[in-house]
Amino acid sequence: MRLTHLKSRVFGSGGMIFAAVAPVLTILVAFPLLFVVLQAIFPDIARGIFANPFSRFVETLFDKHLIAWTLNTLMLGGSVVLVSSLVAVPLGILRGLFRVPFAGLWDVVFLVPFTIPPYIAALGWIMALQPRGYLEQITGLNFGGFLFSFWGVVFVMTLNVFPVVYFAVSRMVSSIGGRYLEAARVAGCPPMRSFWRITLPLTTPAIAASLLLVFAMSIEEFGTPAALAARSGFLVLVTGIEQRLSDYPIDLPGASLLSVILVLIAMAAFVLQHRIVSRRDFQTVSGKPGANRAAELGVWRIPVVMFFAIIGFLGAVMPILSVVLTASTRTISGGLTADNFSTENFAEIFANSGGAMEALGTSLSLGLGAAVITGILGTMTAYVVVRQRTVSSRILDFLTLMPNTIPGVVVAVGLILAWNQPWLPVTPYNTIGVLVLAYCCLLLPYPVRYANAALRQVSVSLEDAARVAGAGGIKVFFRILMPLIFPSILAAMLLVFAVAARELVATILLAPIGTKTVALFIWRQFEQGSVGMGMAMSVMAIAITMTIPVAVAIWARKQGRLF
Amino acid sequence: MISAENSAGQTGSPVVVTGTSQRFGRNTVLEAIDLAVAPGEVVALLGPSGCGKTTLLRLLAGLSRPTTGSIHIGDQLVADASSGAFVPPERRSIGMVFQDYALWPHMTVAQNVGFPLEMQNIGRAERDARIAEALGMVGLGHVADRQPGTLSGGQQQRVALARAIVSRPRLVLFDEPLSNLDRELRESLVVDIAALLRKLGMTAVYVTHDHGEAFAIADRVAILHSGHILQIDAPEQLVGKPVSPQVVDFLKLGLVLPAEVQNGDLIIRGGKHRLSPPAGLINGSRSGDLFLPRSALRAASADGGAQKGNAISGTVVHSMFRGDGYAVQMRFDQNIAIEMFSATRLGDGTIHDLDISWDRAFWYPHDAAPALSHT
Amino acid sequence: MKSLKTVLLAGFACLALSGNAMAQSVTVYTAGPGGLIEKLAAGFKDETGIDVNVFQATTGKVMARLEAESANPVADVVISASWKTATSFAKKDMLLDYTSANAKTVPDFLKGPGYVAQGISALAIAWNPKSGTPKPADWSDLTKAEYKDLITMPDPAQSGSAYELVAALTAQPDLGWKLFEGLAANKMIVPGANAQALNPVLQGAKAVVFGAVDYIGLSQAAKGESIEVIFPKSGTVIAPRPMMILKTSSHQDEAKKFIDYVLSDAGQAMVAKTQLMPARSDVKADRPLIADLKILEVDPKTDRKAVLDRFAKTFGME
């Protein structure tokens with residue numbers, strides 16, 4: 001039995017998909033990242049010269065800050081992972097196991113943090129909580145001391161990234177269903193203990209995979225720690241990278257080398273996650289379909305709804321409220337006084353509707369394009385990784401995580417280095433295609449992690465059944481596997497869409513000349529000092545970006561699919 | 001396959017369900033159920049899908065709360081809608097076998113079986129002994145260290161059974177435990193489970209939609225339909241004296257013919273047949289359902305018995321060879337059909353009369369309270 | 001939907017269509033302010049019919065893109081916010097020698113072979129009059145107790161002009177590091193680049209920016225924000241914004257015309273309109289000009305790293 005499965009995996013659909021996926025990933029991810037590594041080693045690679053290898057190593061690696069920054073990076077990544085899991089794992093499990101009132105609404109609300117660019121969210125929090133911020137203007141309280149501290153950074157970053165864990169865990173739990181838990185209860189196991197003994201171990205692969213993403217995202221995030229904690233002297237590796245890229249002389253080799261350190265840290269996390277997951281590989285979606293019934297919450301209804309509401313308020317409503325307030329006041333220094341409220345900023349955006357609408361159109365198209373491409377490619381990669389279990393498939397797996405651990409600006413540099421080589425016969429550089437490449441490269445990790453966790457649960461016999469029924473490898477993939485894991489893929493694609501539609505860091509460096517995206521539009525407003533107008537554009541971008549997830553949620557609901 | 005030599009012969013607890021209803025929103029799934037199970041008795045809940053049998057089982061397990069009524073297991077009041085009293089499943093000392101087994105994929109077979117003992121804080125040595133005993137009873141001592149996913153369906157089901165009985169619970173619940181298995185395995189397992197339950201003297205409630213399975217395992221069978229218990233009796237009694245046409249229909253005991261009474265004759269709905277039952281069968285009612293058990297019908301040639309009112313003629317839809325004879329599907333009207341046994345093949349599309357033995361017929365009047373009248 | 005298709009097509013087909021392949025166009029890489037380059041590009045197009053392809057980002061990002069593209073350069077003209085860019089590009093022989101006829105009235109220290117200032121900004125104190133603090137007149141006023149906990153400053157490690165301010169002020173014999181030690185004792189925060197330093201002062205969390213970029217503050221004030229830009233009497237540093245043509249440019253004639261246009265009366269008027277000081281001394285502006293300011297020089301031999309380290313140490317940012 002085992003042997004035939006193995007054979008069919010290697011020579012059957014797995015092999016074909018591997019052959020399809022490997023070259024694409026090589027071009028998409030490995031090619032630009034190779035240039036990051038080359039840049040780290042050969043300082044003059046940008047001029048096409050392989051001279052003085054390692055000449056910058058000593059200076060960069062013996063930077064006296066390096067150890068402190070690395071430790072800070074680890075501490076930040078670890079803390080965000082910890083707090084995210086404390087918040088999102090319970091939320092996800094509750095959502096997956098119980099009939100939570102307004103469940104669809106929470107899914108949509110928890111997607112909102114993803115549509116808010118991190119620099120906007122951080123600014124929103126600052127404007128809300130700093131002394132004389134909106135909160136103090138309204139209630140007389142300010143939390144500036146908390147916000148501008150290490151834990152303030154962790155707080156804001158957790159609210160930005162926890163949905164990754166929430167969506168992964170809730171999808172996983174609901175596909176496992178409550179039956180294992182019921183069996184434990186009947187066997188005499190009290191609820192909390194069943195949770196620890198049954199639910200948690202079965203959900204571990206999804207939790208571990210999504211926390212890995214969270215870790216990767218938090219070690220590469222620049223804006224939030226820079227805006228909130230730099231003033232209290234808390235600096236991370238990305239701070240060093242950003243400094244090397246922010247003023248003359250630009251130090252590309254140093255920035256690249258620090259990025260390689262980030263990749264190494266991520267690699268360690270990846271190995272850890274791999275160990276956790278590979279020992280707990282359970283197929284809970286078998287060929288025997290059964291109805292999943294969500295349990296009733298009973299007296300816990302209200303506390304649970306409160307919990308969802310508080311997190312939703314903090315993650316989505318608070319930052320947006322602050323952004324909206326800024327957008328609808330004439331001047332920041334005028335504060336929340338009646339005569340300072342105005343729709344001027346929005347009016348100006350409508351006046352410049354050509355530019356703004358063009359930017360919105362470009363961003364939405366880029367988001368959709370990236371979501372579709374990464375959705376398909378990510379599922380195929382995950383399939384190869386889950387079913388094929390060879391060294392080369394594991395390399396593919398890690399390859400798809402790497403871009404997530406490198407600051408977007410360095411990935412962008414890698415893309416320029418790679419795609420602006422004079423010997424290339426054709427290149428997407430300086431076309432909008434390079435943005436598609438960049439978003440796919442940066443965001444591929446989401447669909448891969450989500451599909452990976454979902455595929456691990458699907459029994460091989462379901463595929464075998466389709467093959468016996470006469471379906472070829474590709475057909476099995478698209479007709480059987482894709483639909484089975486569709487809820488997970490859809491969630492990942494929505495995340496990709498939301499992030500791609502507002503990406504700034506890589507866009508600013510890569511945007512082809514003359515291209516306008518939402519993020520660039522907002523950034524230019526800030527650059528010109530029009531914080532209010534930038535915020536107004538953010539509000540509109542968030543609102544428009546959210547319509548697509550909301551439409552998908554409504555559609556999925558009508559289809560009876562889980563969303 | 002399953003042996004119960006080491007049984008301690010202890011007795012399970014009685015179960016009493018009183019006036020229990022279950023509603024989900026405006027949808028009533030169970031309506032005022034009364035059910036008493038004696039210690040050591042095995043009761044099967046039989047009915048079509050959606051009749052409420054699984055809901056009743058989940059109420060017994062404590063996996064949901066009743067909307068009205070109360071449930072006792074032994075002396076313990078485990079659920080009472082009026083006072084809100086509720087004992088969660090883990091404190092009911094029960095065992096349960098699930099339709100899809102629900103073996104925890106992250107534990108070995110022995111860990112799965114030992115889990116209920118672990119929950120009772122039973123020490124390692126005793127636990128190991130009892131795991132071995134339970135696995136021995138189901139004939140699976142050799143797979144203790146395997147992962148459940150590597151076992152066959154029948155083996156998984158026996159592991160689930162071992163897990164349900166290992167702690168000698170006072171009540172064992174079965175939720176269509178054999179429906180995923182092939183017929184042969186099902187027939188042998190049902191016999192084994194029945195033997196094991198009797199040996200251990202356990203009280204059990206067994207949900208199934210297969211009457212063969214119910215008759216094979218249960219002391220008494222409760223027929224559920226749309227949230228009501230239609231009849232609860234020993235299998236022989238159910239077949240011999242069904243209390244309503246629905247019971248007949250569900251158990252496929254014979255022909256049910258809705259009819260009007262005209263001058264002592266029965267006009268079968270559709271108007272094609274007129275039957276002349278002996279006086280006393282109808283007892284003054286004006287309409288009702290005539291039940292003709294299979295044993296009351298005998299195939300005759302088309303000799304005109306239909307005219308005399310003592311036979312009913314039908315068209316052969318299909319004959320199927322069954323080894324020792326033919327299963328014949330006959331249709332009498334649009335909605336009335338029966339599967340009969342015949343020693344000879346009857347040609348498809350041919351019309352045959354079935355002679356009626358009126359002494360075996362039942363009449364269920366519509367206009368009176370549904371009382372059984374029998375000649 | 002149509003643009004989605006375009007995106008996908010572009011993504012898959014990888015069409016080569018780089019900026020310098022287009023005829024009659026010039027590609028300009030520029031640091032902010034954002035509105036300025038758009039106006040200049042539009043005016044230039046009107047006058048010459050030549051398209052301007054703009055890449056606009058912070059000076060750091062402009063430099064990073066230039067550096068990463070050096071195997072296959074795309075830009076024709078570069079406008080930086082840091083004078084240092086021009087001098088070191090010139091040293092590396094990357095610049096085309098060109099002196100615009102319009103540069104005659106640009107003071108000598110604002111031009112060199114191959115580069116010339118577009119406009120000039122200066123660093124100043126940006127003070128919120130609604131903060132309830134007395135109006136400061138000089139840098140050293142900010143070490144007074146009234147400003148405790150109420151000062152921000154752009155990070156010299158991220159902003160070239162902030163670095164120059166630190167370098168110039170610490171080189172003053174009467175000030176030295178004492179000024180910054182006093183600011184550190186007054187709990188001055190260094191929250192990041194220029195915009196991050198200004199924001200808390202606008203909302204009132206802080207009262208004053210030490211070393212704000214003047215034109216940003218002036219334009220905020222013009223928009224009605226409660227902010228006042230004060231040029232300290234002991235002097236400040238200026239940050240001329242150099243324009244240069246890269247030697248690798250394949251549109252050198254168009255590039256020269258562009259430089260000419262920026263230095264024309266019309267171009268300089270646009271510069272003045274953004275609250276920058278025009279490079280030409282004969283162009284008027286509605287703000288203090290170079291002649292009105294006391295300008296501090298930075299010794300080119302200053303050890304940048306040592307200054308930044310000392311600064312970081314002083315403010316506990318290690």
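Labels below follow one simple rule: chain letters A, B, ... track the order of the sequence lines, proteins then strands, and each chain is numbered from 1. Side-chain atoms are counted along with the backbone in the values below, which use heavy atoms only and exclude waters and symmetry mates.
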> Taking atom CG of B/D182 as the centre, does the number of heavy atoms from other residues, nucleotides or ligands within less than 6.0 Å exceed 12?
Replying inline: yes

>> I want to check something: taking the side chain as every heavy atom from C-beta on, are B/P88 and A/R185 in contact at a cut-off of under 4.5 Å?
In response: yes

> Where on B/R65 is there a heavy atom nearer than 4.5 Å to chain A: the side chain, the backbone, both, or neither?
Replying inline: neither

> Taking all non-hydrogen atoms of both residues, which atom of A/A183 and which atom of B/R163 are closest, and how far apart?
Replying inline: CB-NH2, 3.7 Å

>> For a quick test of reading the model, state the closest non-hydrogen atom pair linking A/V186 to B/G95 and the distance between them.
In response: CG1-C, 3.9 Å

>> Closer than 4.0 angstrom, basic N to acidic O: yes or no for A/R197 and B/E118?
In response: yes

> Which bit of B/L117 comes within less than 4.5 Å of chain A, counting heavy atoms only: side chain, backbone, both or neither?
Replying inline: neither

> Would you say the side chain of A/R193 lies within less than 4.5 Å of the side chain of B/M119, judging by non-hydrogen atoms?
Replying inline: yes

> What heavy-atom pair brings A/Y180 and B/W104 nearest, and what distance separates the two atoms?
Replying inline: O-NE1, 2.7 Å

> Checking heavy atoms, do the side chain of B/I94, its backbone, both or neither come under 4.5 Å from chain A?
Replying inline: both

> Among A/P191, A/P190, A/S194, which residue forms the greatest number of heavy-atom pairs with chain B at distances under 4.5 Å?
Replying inline: A/P190

